[in-house]
Amino acid sequence: MHTSKIQESHQSAAEELLSNYLNQDVDLIEIERMLNEMLRHYLRPTDEWNLSRKYALLALDTSEVLTRLLKEIGDYGKSCKSEA
């Protein structure tokens, strides 16, 4: 019983979070493009910037998680609109 209440709480929190993004004029594709541009800029080597492999991999892993999240939020928003 307690576990189901926690799951319901998590579900409602997730839905509230998604609705905050989907009810605004937020272009998730534009945010994803910006994220990719920032990542490329961060990883682009320059004379004064020597990024270690450890931090390059961390940046790539983090961007992958954020990109996946953005895509899933977008897909969720599309499915909500098609159900309406």
Side-chain angles (χ1 to χ4, degrees):
M1 179 88 155
H2 180 67
T3 304
S4 66
K5 285 190 176 192
I6 291 173
Q7 287 175 338
E8 288 176 18
S9 174
H10 288 171
Q11 180 69 25
S12 91
E15 289 173 1
E16 183 179 342
L17 175 67
L18 287 173
S19 70
N20 287 339
Y21 281 97
L22 298 173
N23 290 335
Q24 298 177 13
D25 289 333
V26 175
D27 186 351
L28 296 173
I29 294 171
E30 184 61 31
I31 292 173
E32 181 185 352
R33 287 181 185 149
M34 213 174 0
L35 172 67
N36 291 333
E37 286 298 315
M38 288 188 299
L39 179 66
R40 280 195 286 275
H41 178 74
Y42 180 70
L43 295 177
R44 186 175 293 128
T46 64
D47 292 336
E48 63 273 350
W49 182 253
N50 186 12
L51 186 65
S52 72
R53 178 174 168 77
K54 174 185 170 184
Y55 289 114
L57 291 174
L58 179 62
L60 287 169
D61 290 345
T62 303
S63 71
E64 181 184 349
V65 170
L66 291 173
T67 300
R68 193 171 67 235
L69 175 63
L70 290 169
K71 286 181 179 180
E72 289 175 5
I73 290 172
D75 292 344
Y76 179 84
K78 289 176 188 173
S79 71
C80 287
K81 287 180 183 176
S82 67
E83 290 174 4

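For the single chain, residues carry numbers from 1 onward in sequence order. Just so you know, these numbers come straight off a predicted model, no measurement behind them.
- Under the side-chain contact (heavy atoms from CB on, under 4.5 Å) criterion, T62 pairs with L58, L66, not counting sequence neighbours.
- Heavy atoms only, all atoms of each residue included: S63 and L39 are closest at OG-CD2, 3.1 Å.
- Within the model, atoms OG1 of T67 and CD1 of I31 stand 11.5 Å from one another, a figure rounded to the nearest 0.5 Å.
- Atom CG of L57 has more than 12 neighbouring heavy atoms from other residues, nucleotides or ligands inside a 6.0 Å radius.
- Taken from CD1 in I29 to NZ in K71, the straight-line distance is 10.0 Å, to the nearest 0.5 Å.
- Going from atom CZ of R53 over to atom CG of L60 covers 9.5 Å, rounded to the nearest 0.5 Å.
- To the nearest 0.5 Å, atoms CG (N36) and CE (M34) are separated by 10.5 Å.
- Separation of atoms CD (E30) and CD (E37) is listed at 9.5 Å; rounding is to 0.5 Å.
- Rounding to the nearest 0.5 Å gives a distance of 11.5 Å between CD1 of I73 and CD of E32.
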